[in-house]
There are 2 protein chains.
Amino acid sequence: MESSDRLLTPGEVASLFRVDPKTVTRWAAAGRIGSIRTPGGHRRFRESEVRALLSGDEAGFAEESQATSH
Amino acid sequence: MESSDRLLTPGEVASLFRVDPKTVTRWAAAGRIGSIRTPGGHRRFRESEVRALLSGDEAGFAEESQATSH
DNA sequence: TAATATTCGGGTAATTTGGGAT
DNA sequence: ACTGTCCAAATTACCCGAATAT
């Protein structure tokens with residue numbers, strides 16, 4: 001739905017995921033993440049999709065529950 | 001709600017805690033520590049959370065004993 | 001046009017994953 | 001209950017030269 005979404009370079013996505021830029025390229029080639037190609041062949045990624053992937057964790061997301069002071 | 005904090009690899013977290021990387025994986029699987037998954041399935045950990053745990057911060061530790069079949 | 005940084009490609013080590021046995 | 005080790009498969013990291021981006 002979002003068309004006015006910033007595009008990120010492979011290097012930027014790599015930094016966010018803490019992986020090598022080449023790994024991001026492999027994700028795109030494997031269809032694990034959407035990508036846009038520049039006329040020159042370089043890939044660009046939608047920031048909204050990247051942030052969604054970064055937020056999606058399994059079950060360890062809890063608020064800072066205050067532990068019982070015993 | 002800091003989503004903009006650096007991520008650590010399982011190996012880095014393991015080194016910080018002086019445990020085997022497999023143990024870190026078990027913590028994540030058990031929900032004892034939050035984790036992010038790369039599109040390839042590898043785990044990444046939030047540095048802020050790891051540092052909090054290393055500092056002896058017990059926040060997040062709930063005394064949820066399940067079925068104390070003592 | 002030139003210069004620098006990034007991102008192509010491929011190829012080969014290193015790490016991570018998941019299960020199982022100790 | 002928790003952790004460290006063994007194994008095979010999958011994913012990721014680092015190497016190069018050439019093309020693209022700014």
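A note on names: the letters A, B, ... follow the listed sequences, proteins ahead of strands, and every chain is numbered from 1.
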| message | Using side-chain heavy atoms (C-beta onward) and a distance below 4.5 Å, is Leu53(A) in contact with Phe17(A)? | response | yes
| request: Check DNA chain C against residues 33-45 of chain A and give the residues with a non-hydrogen atom under 4.0 Å, in numerical order. | output: Arg37(A), Gly41(A), His42(A), Arg43(A)
| note | Scanning both residues in full, the closest heavy-atom pair of Thr38(B) with Trp27(A) reads CB-CZ2, 3.7 Å
| query | Any side-chain N or O of Thr23(A) under 4.0 Å from OP1/OP2 of dA13(D)? | reply | yes
| note | Re dC15(D): Watson-Crick or G-U wobble partner, both distances kept under 3.5 Å, found to be dG10(C)
| task | Search all heavy atoms of Phe45(B) against all heavy atoms of Ser35(B) and return the closest pair with its distance. | result | CE2-CB, 3.8 Å
| message | Just N and O in the side chain of Trp27(A): are any of them under 4.0 Å from OP1 or OP2 of dT11(D)? | response | no
| said: Contact between Arg43(B) and Arg37(B) at the side-chain level, heavy atoms closer than 4.5 Å - yes or no? | reply: yes
| task | Record whether the side chain of Arg26(B) comes under 3.5 Å of the base of dG18(C) through a donor-acceptor pair of N or O atoms. | result | no
| remark: Closest of dT16(C), dT7(C), dC2(D) to the Thr9(B) side chain is dT16(C)
| field | Residues within residues 11-22 of chain A bordering DNA chain D, heavy-atom distance below 4.0 Å | value | Arg18(A), Val19(A), Asp20(A), Lys22(A)
| Which value, rounded to the nearest 0.5 Å, describes the distance between Leu8(A) atom CG and Ile36(A) atom CD1? | 12.0 Å
| query | Looking only at side-chain N and O atoms, does Thr25(B) come under 4.0 Å of OP1 or OP2 in dT16(C)? | reply | no
| said: Return the pairing partner of dA2(C) with a 3.5 Å limit on both distances, Watson-Crick or G-U wobble; otherwise return none. | reply: none
| field | Glu47(A): partners by salt bridge (Lys or Arg N to Asp or Glu O under 4.0 Å), with sequence neighbours left out | value | Arg6(A)
| request: Check Asp20(B), Val19(B), Val24(B) against Lys22(B) for a side chain to side chain contact (heavy atoms under 4.5 Å, CB included) and give me the one that passes. | output: Asp20(B)
| Closest heavy-atom contact between Arg18(A) and Leu7(B)? | NE-O, 3.2 Å
